[in-house]
2 protein chains.
Amino acid sequence: MSLSVSGWVTLAHGCHGRRHTAYGLLWRPHEGVDVTKRPTLADVAARAGLSKTAVSLVLNDRPGSRLSADAVARIHEAARELNYRPNAAARSLRLGRTGTVGFISDEVTITRFASAMIRGLLDVADENENGVLIAETGNHPKQLAKALEFMVDRQVDGLVFGALTARLLELPTLPESMRAVTVNCVSPTVPTAVLPSEEEAGYAVARQLLDAGHGAGLAILGNAPVAQSDPHVSVTIGRRFNGIHRALSEAGVTPVAVEDFEFWEPWHGYDAAKKVLESGAPVTGLICLNDRVAFGAQQALTERGLRVPDDVSIASFDDDEIASYMRPALTTARLPYEEMGRQAMELLLRPDDATGEHLVEMPLQVRGSVRSLG
Amino acid sequence: MSLSVSGWVTLAHGCHGRRHTAYGLLWRPHEGVDVTKRPTLADVAARAGLSKTAVSLVLNDRPGSRLSADAVARIHEAARELNYRPNAAARSLRLGRTGTVGFISDEVTITRFASAMIRGLLDVADENENGVLIAETGNHPKQLAKALEFMVDRQVDGLVFGALTARLLELPTLPESMRAVTVNCVSPTVPTAVLPSEEEAGYAVARQLLDAGHGAGLAILGNAPVAQSDPHVSVTIGRRFNGIHRALSEAGVTPVAVEDFEFWEPWHGYDAAKKVLESGAPVTGLICLNDRVAFGAQQALTERGLRVPDDVSIASFDDDEIASYMRPALTTARLPYEEMGRQAMELLLRPDDATGEHLVEMPLQVRGSVRSLG
DNA sequence: GTCTGTTGCTGAAAGGTTTTAGCAGTGGCG
DNA sequence: CGCCACTGCTAAAACCTTTCAGCAACAGAC
């Protein structure tokens with residue numbers, strides 16, 4: 001091993017070769033400091049000439065404790081000289097909490113679609129000095145059990161359950177003292193949930209096309225009867241359609257085509273768009289149920305020599321990676337994964353528990369794929 | 001709170017409403033079992049009428065210990081009845097290890113591009129009964145220091161450092177006893193690294209087009225002088241180009257166009273392709289330095305009425321999401337994130353440390369974007 | 001009868017922290 | 001002086017596990 005020791009952790013970043021310690025700048029062992037063993041409270045106490053109690057009191061600055069200014073100074077100095085850091089295991093053992101939360105999901109972390117959710121979760125956890133333990137179940141009950149077991153054993157201070165698609169999960173009953181939040185999913189056993197505000201988004205997307213004058217030539221790609229009605233598949237797709245239909249009925253509009261399919265990959269969108277175009281329906285505006293469907297639809301349009309938005313306008317949902325890669329870029333209602341992650345972690349960490357369903361706005365990203373008629 | 005307690009963790013999954021515990025099926029409190037407090041070794045010992053020592057010995061089945069078959073049975077039964085699970089904090093305190101490893105990266109977890117790396121890491125960690133603590137630095141030295149501090153404090157058994165692009169990191173000197181592996185990056189302080197086998201991939205991609213007869217009309221989109229020479233930007237892009245150039249010079253081929261740009265987003269590919277086409281160079285084959293560049297290039301081709309692969313063939317690198325969405329799907333050398341993650345975790349967890357650089361093959365995904373001439 | 005070895009089991013220490021209870025000393029008040 | 005309150009500090013217990021050292025009982029060998 002070519003690793004060397006210089007204190008506990010010595011950082012040397014950047015291109016400038018400056019050296020830091022993780023705990024302050026430039027820590028070098030002081031005289032009489034044993035570098036091979038992590039210092040303990042007892043070591044600090046000995047060096048400061050005081051008791052462990054005193055050191056613990058000062059380092060955690062407990063309010064009621066009245067130690068002389070001199071003692072406080074000596075303790076801080078000794079801790080700094082020894083580069084003391086508390087032992088997390090000992091502290092957890094004593095305190096029963098760990099400063100760590102768990103995140104368990106089906107496959108949020110291991111697929112590309114909702115990465116931003118982790119960003120939100122990690123950011124807030126970090127702001128609150130919490131670490132995050134991650135486990136993915138791949139939807140296997142056994143993996144879920146294992147993950148939960150692991151987290152409960154480690155005495156995580158709370159649990160966030162996530163899912164790739166917003167659906168009803170049958171999560172276990174948790175120990176009463178365990179705080180928990182679901183994000184992009186719901187479970188009867190977890191009282192607080194964070195979900196995207198899909199009804200509103202459905203309404204906004206439909207309005208975008210209606211307001212641009214596409215009421216007479218509107219098609220819907222990706223109507224999904226199962227997802228709309230089975231909460232184990234989705235609890236939000238139904239709401240998304242409710243929003244769409246509310247906008248349509250307010251405007252007295254009936255779509256010229258509605259294509260049913262449950263899985264929303266580009267090739268499904270391609271096939272559906274092709275079918276609609278071949279049917280001869282007078283389509284000028286397309287509501288695609290996600291960006292991948294929209295992407296596929298655009299491919300079908302291009303093949304027939306139709307242009308977006310000149311010939312056909314498209315609006316969609318998710319704000320996936322490809323939405324901004326398309327030419328023109330896609331007008332779409334963003335799934336606010338990052339904000340949902342943030343909010344979930346905040347709800348978990350805030351002492352006041354606001355149980356219930358927390359809806360996070362899905363902002364409409366207005367880009368070039370919708371053209372106003374006339 | 002609507003959470004209720006039935007043992008420590010009770011699972012009720014699936015649509016069938018079957019009930020499990022995390023530790024076995026259907027755990028219900030036995031008589032004389034206090035459900036409000038997690039049982040300890042002492043509780044098990046008391047119930048089995050034996051000492052804590054005996055229980056510990058049996059439950060960890062230590063080889064040398066000779067307890068009667070009856071005692072062993074009684075202990076197992078008591079543990080099962082109480083639904084005993086060892087306290088991880090106490091164990092860590094005693095043992096100095098935690099069964100947890102840390103993963104620290106710039107932004108692997110929080111962006112979509114390398115999610116598969118986490119999948120590989122988590123899978124192997126899980127197979128070895130290890131948990132994973134995750135932290136992202138966003139490339140801020142302070143965040144790195146904080147993450148490291150946290151992990152070292154928690155006494156993780158090892159650390160994996162990851163990066164989104166394979167580059168040289170200036171990681172801190174770690175405590176001597178801390179095992180560490182870098183994945184998709186290298187650091188002078190960490191002796192074992194996992195990287196994609198880019199030279200080979202560059203060669204294979206170039207050969208794909210050369211073998212298809214595009215030697216006379218080859219263009220390269222995304223030549224990146226800085227990335228090729230500055231290891232802080234990339235340690236592998238240079239190798240990728242070495243592979244490409246080796247194939248070209250073996251075939252005695254000089255490209256008809258080479259477009260330089262360092263950032264490989266779709267719009268860069270679009271601009272570059274447009275420029276090459278407008279220059280009138282007789283292009284029949286495009287080597288794009290990643291899939292997003294290829295995607296943009298195809299947009300430019302389409303706009304000029306050129307078709308892939310009929311008019312122009314494309315081969316590329318990464319096997320990004322969009323590679324399989326394109327029509328035709330893209331022939332591309334896959335960045336093997338998942339396999340790299342797996343291998344990194346295996347190297348970390350295996351007791352025998354194989355220091356050095358471990359190259360993981362980048363398999364060529366042959367799809368429809370390359371047409372054979374004549 | 002003594003010695004040796006084995007079997008089956010246990011007491012107690014150690015690991016590092018937090019916290020309760022309390023000690024010794026000092027000063028003020030009646 | 002007697003009492004009280006306060007200041008500045010500490011001993012020891014508790015959190016739960018693993019493991020070292022060793023005890024009691026018994027069998028077999030001499």
Side-chain angles (χ1 to χ4, degrees), chain A residues 8 34 36-76 78-79 82-100 152-155 157 177, chain B residues 8 34 36-76 78-79 82-100 152-155 157 177:
Chain A
W8 279 103
D34 179 6
T36 63
K37 200 179 144 300
R38 243 184 112 116
T40 72
L41 211 54
D43 298 327
V44 179
R47 186 163 248 257
L50 288 163
S51 70
K52 288 191 297 174
T53 307
V55 177
S56 174
L57 258 25
V58 167
L59 260 27
N60 297 318
D61 53 275
R62 309 251 53 193
S65 64
R66 328 141 291 201
L67 292 179
S68 64
D70 174 61
V72 171
R74 260 156 50 221
I75 287 170
H76 277 130
L82 293 175
N83 206 17
Y84 170 75
R85 305 234 85 228
N87 178 311
R91 183 173 260 185
S92 301
L93 179 57
R94 182 65 234 247
L95 259 28
R97 54 189 157 74
T98 51
T100 306
V152 173
D153 283 357
R154 308 288 142 144
Q155 295 175 91
D157 299 340
S177 60
Chain B
W8 279 100
D34 180 4
T36 64
K37 200 179 144 298
R38 242 184 113 119
T40 73
L41 212 54
D43 298 326
V44 178
R47 187 165 248 257
L50 289 161
S51 69
K52 287 191 299 175
T53 306
V55 176
S56 176
L57 258 24
V58 168
L59 258 29
N60 298 317
D61 53 274
R62 311 250 54 191
S65 65
R66 328 142 291 200
L67 292 178
S68 63
D70 175 59
V72 171
R74 258 155 52 219
I75 287 169
H76 277 128
L82 293 176
N83 207 17
Y84 170 75
R85 305 233 86 228
N87 177 310
R91 182 174 261 183
S92 300
L93 178 57
R94 181 68 233 250
L95 259 28
R97 53 187 158 77
T98 51
T100 306
V152 173
D153 284 357
R154 308 289 142 143
Q155 295 176 91
D157 299 339
S177 59

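For clarity, every value in this text was computed on a predicted model and none was experimentally measured.
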Between dG16(C) (C1') and L57(A) (CG): distance, integer Å: 16 Å

Euclidean distance, atom NZ of residue K52(A) to atom C1' of dA14(D) [Å, nearest integer]: 11 Å

Expected output: side-chain R74(A) to main-chain A48(A) donor-acceptor under 3.5 Å: yes

DNA chain C: 5'-proximal contact among A42(A) and L67(B) (nearest heavy atom): L67(B)

Rounded interatomic separation in angstrom, taking CZ from R97(A) and P from dT17(C): 15 Å

Spacing of R154(A) atom CZ relative to dC16(D) atom P, expressed in whole Å: 16 Å

Side chain to side chain contact (heavy atoms under 4.5 Å, CB included) between T40(A) and N87(A), worked out: CA-CA 8 Å; T40(A) 72; N87(A) 178 311; over 6 Å; no

Expected output: side-chain S92(B) to main-chain A88(B) donor-acceptor under 3.5 Å: yes

Atom pair CG/CZ of L41(A) and R91(A) - distance to nearest 0.5 Å: 9.5 Å

Whole-Å distance separating the CG atom of N87(B) from the P atom of dG16(C): 17 Å

Between the protein and nucleotides 26-28 of chain C, list every N/O to N/O distance that falls short of 3.5 Å.
none

Base dT19(C) paired with T53(A) side chain (donor-acceptor, <3.5 Å): yes

Gap separating the CD1 atom of I75(A) from the CG atom of L50(A), nearest 0.5 angstrom: 5.0 Å

Sugar-phosphate, base or nothing in reach of R66(B), heavy atoms under 4.0 Å: base

Carboxylate-amine/guanidinium proximity below 4.0 Å for D153(B) and R85(A): yes

Rounded distance in Å - CG (L41(B)) to P (dA14(C)): 19 Å

Rounded distance (Å) that lies between atom C1' of dA14(D) and atom CZ of R91(A): 17 Å

Atom pair distance, as rounded to whole Å: CG in L95(B) and C1' in dC15(D): 16 Å

Any R62(B) side-chain N or O less than 4.0 Å from OP1/OP2 of dT19(D): yes

Below 4.0 Å: OP1/OP2 of dC15(D) and any side-chain N or O of T40(B): no

dC16(D) OP1/OP2 closer than 4.0 Å to side-chain N/O of Y84(B): no

Any S51(B) side-chain nitrogen or oxygen under 4.0 Å from OP1 or OP2 of dG11(C): no

Sugar-phosphate only, base, or nothing, as touched by L93(A) at under 4.0 Å among non-hydrogen atoms: base

Donor-acceptor pair, side chain of R154(A) and main chain of T98(A), under 3.5 angstrom: no

Sugar-phosphate only, base, or nothing, as touched by A89(B) at under 4.0 Å among non-hydrogen atoms: nothing

Sugar-phosphate only, base, or nothing, as touched by S56(A) at under 4.0 Å among non-hydrogen atoms: base

Rounded distance (nearest 0.5 Å) linking atom OG of S177(A) with atom CZ of R38(B): 10.0 Å

